[in-house]
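Working notes, structure below.
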Protein chains: 2
Amino acid sequence: MIESTEGNGHNHKILRLPTIKRLPTYLHILKRLQAEGEEYVSTTALINELDFKPILVRKDLVLMGIPGKPRTGYCLKDIIQAIEKFLGWNNVDEAFLIGTGALGSALLGHKPFEENGLKIVAGFDIDPERVGKVIHGKKIFHLSKLKELAHRMGVKVGIITVPWQSAQEVADVLIEAGIVGIWNFSMLKLKTPPEVVCHNENLSGGLAVFSVKLQQRRENLL
Amino acid sequence: MIESTEGNGHNHKILRLPTIKRLPTYLHILKRLQAEGEEYVSTTALINELDFKPILVRKDLVLMGIPGKPRTGYCLKDIIQAIEKFLGWNNVDEAFLIGTGALGSALLGHKPFEENGLKIVAGFDIDPERVGKVIHGKKIFHLSKLKELAHRMGVKVGIITVPWQSAQEVADVLIEAGIVGIWNFSMLKLKTPPEVVCHNENLSGGLAVFSVKLQQRRENLL
DNA sequence: TAGATTGTTAATCGATTAACAATC
DNA sequence: TAGATTGTTAATCGATTAACAATC
């Protein structure tokens, strides 16, 4: 029933995941350089602060359609603007966060989110100890209030930071409340309808890589 | 991006990063199945709870040297043990965490770390408001105490959760204190000597991917 | 035996790197 | 012009998927 007469395929430049993940790193360094008064930057200069090869950076910028000038490099203002626009970080999405344990509380107070287009406006929990409290300036409501508040405030994004056992239950509440995007920090693969965007964050993947590196370090010492 | 083992090479089975990042996900599901009383699992059954294709799981298990039985699948106890051993999650590393802001506090109380081989034993900060406090059961010391405590307690791992401006400074303190592994959550690329293992966590990469997915969702609606 | 599943070998796909021409 | 840097096209490298033989 939902048909996209004009919204097929390539209404938006399609970047690949590895590229997208690198963008915030670029952005951070570019802003630093800008704050230091620079106006242009070359990819060779950029990678001083980076782990990548210059050609990779150039490929990424080409993919985003950002033009550079031979000999001078890229205009900082232009790349910054292009990246922020591409990521949608220039206009802010309001979000609800469900699950105010250690991780959830942290995200409630995580500054970079607000600066990067995602503003958490309220927290939710079912623990009576937590409901009614204020964490990092954000009020915690009972989960049963979510649907009503979502409609009243027009919030369309949910962040799940509950243990995996209750993650699906929470997802169902969000879907019922008309949320269109879910950022899932739990270990459970959620069942969601196709029209809801769901992104699973795999925090333990990072720990795994670190653990293996540590082990290899240890073995190399022997 | 692929970090090869630097040194001699094959003292340890070498897994690739994508495989390593998938291991915790496998582990989590395998343990769930075990708790439900299962003894064997086939890759076809596994991917019900997963986003991957069965062949990919089998390839990963082969890489780790875990044998399966045609028709029956893999012995849960064996895979779980093999993965935990590979990740070094059966013996616990003690770690210091530096920077007790929102993110740092969260990690101090993040249960899965303890269960997965990384035990944070103390926090550090320079803010007098925070020094002396106890967060999630862990005492916060002044950064100037780190070196002495590291030696006394034999701690060899550091987790950096300070803003990027002070990250290098903190890293220098850790290196000076004889730490061998650094898990860096700041946005700064740290300068570390080759004998120190350094793993940079890119949290904003996840946000970037989620942001793009949200945008695409929005565009498809039009 | 019949059937399901593993695990090997080859094919495909995607991402990074290299070479180099185009540009200012 | 000389030199540095971009950006294109091709080569390489790595990861995933497919096909299928081996196994219980």
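A note on names: the letters A, B, ... follow the listed sequences, proteins ahead of strands, and every chain is numbered from 1.
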Is the phosphate of D:dG14, meaning OP1 or OP2, less than 4.0 Å from a side-chain N or O of B:R16?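 Negative; the distance criterion is not met.
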To check you understand the geometry: which heavy-atom pair defines the closest contact between B:I120 and B:L107, and what is its length? CD1-O, 3.4 Å
Taking all non-hydrogen atoms of both residues, which atom of A:A106 and which atom of B:L103 are closest, and how far apart? CB-CA, 4.1 Å
Please check if the distance between the ring centroids of A:W183 and A:F113 is under 6.0 Å. yes
Give a yes or no on whether the ring-centroid distance for B:Y40 and B:Y74 is below 6.0 angstrom.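 Centroid distance B:Y40-B:Y74: not below 6.0 Å, so no.
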Nearest to the side chain of [X], which nucleotide is it out of [options]?
| X | options | answer |
| --- | --- | --- |
| B:T44 | C:dT5, C:dA18, D:dG7 | C:dT5 |
| B:R58 | C:dA19, C:dA15, C:dT6 | C:dT6 |
| B:S42 | C:dT6, C:dT8, D:dT6 | C:dT6 |

Just checking B:P54: base, sugar-phosphate only, or nothing, at a heavy-atom cut-off of under 4.0 Å?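 If one applies the 4.0 Å heavy-atom cut-off, B:P54 turns out to touch nothing in the nucleic acid.
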At under 4.0 Å between heavy atoms, what does A:T19 touch on the DNA or RNA strands: base, sugar-phosphate, or nothing? nothing
Test side chain to side chain contact (heavy atoms under 4.5 Å, CB included) on A:L190 and A:V196; report intermediate values, then the result. CA-CA 11 Å; A:L190 301 175; A:V196 172; over 6 Å; no
Send over the distance from [X] [atom1] to [N] [atom2], rounded to a whole Å.
| X | N | atom1 | atom2 | value |
| --- | --- | --- | --- | --- |
| B:I55 | C:dC13 | CD1 | P | 16 Å |
| B:L46 | C:dG7 | CG | P | 13 Å |
| A:L17 | D:dT16 | CG | C1' | 15 Å |
| A:K21 | C:dT16 | NZ | P | 11 Å |
| B:Y40 | D:dT23 | OH | P | 19 Å |
| B:L56 | C:dG7 | CG | C1' | 14 Å |
| B:I47 | C:dT5 | CD1 | C1' | 13 Å |
| A:F52 | C:dA18 | CZ | C1' | 19 Å |

Between D:dT5 and A:K69, counting only base atoms on the nucleotide and side-chain atoms on the residue, is there a donor-acceptor pair under 3.5 Å? no
Does the D:dT17 base have a donor-acceptor partner in the side chain of B:K59 within less than 3.5 Å?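 Yes, a donor-acceptor pair under 3.5 Å.
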[atom1]/[X]: more than 12 non-hydrogen atoms of other groups inside 6.0 Å:
| X | atom1 | result |
| --- | --- | --- |
| B:Q165 | CD | yes |
| A:E169 | CD | no |
| B:K213 | NZ | yes |

Please work out the stems of DNA chain D from pairs that are Watson-Crick or G-U wobble with both distances under 3.5 Å, keeping only runs of three or more consecutive pairs. C:3-24 with D:3-24
Just so I know, are the side chains of A:V41 and A:I29 near enough to count as touching, which here means a heavy-atom distance under 4.5 Å? no
Any A:L30 side-chain heavy atom under 4.5 Å of A:L46 side chain: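 A side-chain contact under 4.5 Å exists here.
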Quick check on contacts: within residues 70-78 of chain B, what sits under 4.0 Å from DNA chain D by heavy-atom distance? B:P70, B:R71
What residues from residues 200-211 of chain B pass a heavy-atom cutoff of under 4.0 Å to DNA chain D?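 Per residue number, the list is empty: none.
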Using heavy-atom distances to pick each residue's nearest nucleotide on DNA chain D, tell me which of A:L61 and B:K53 is more 5'. A:L61
For A:D51, is there an ion pair with B:K189 - N to carboxylate O distance below 4.0 angstrom?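 The answer is yes: the pair qualifies as a salt bridge.
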Does a side-chain N-to-carboxylate-O contact under 4.0 Å join A:K147 and A:E176? yes
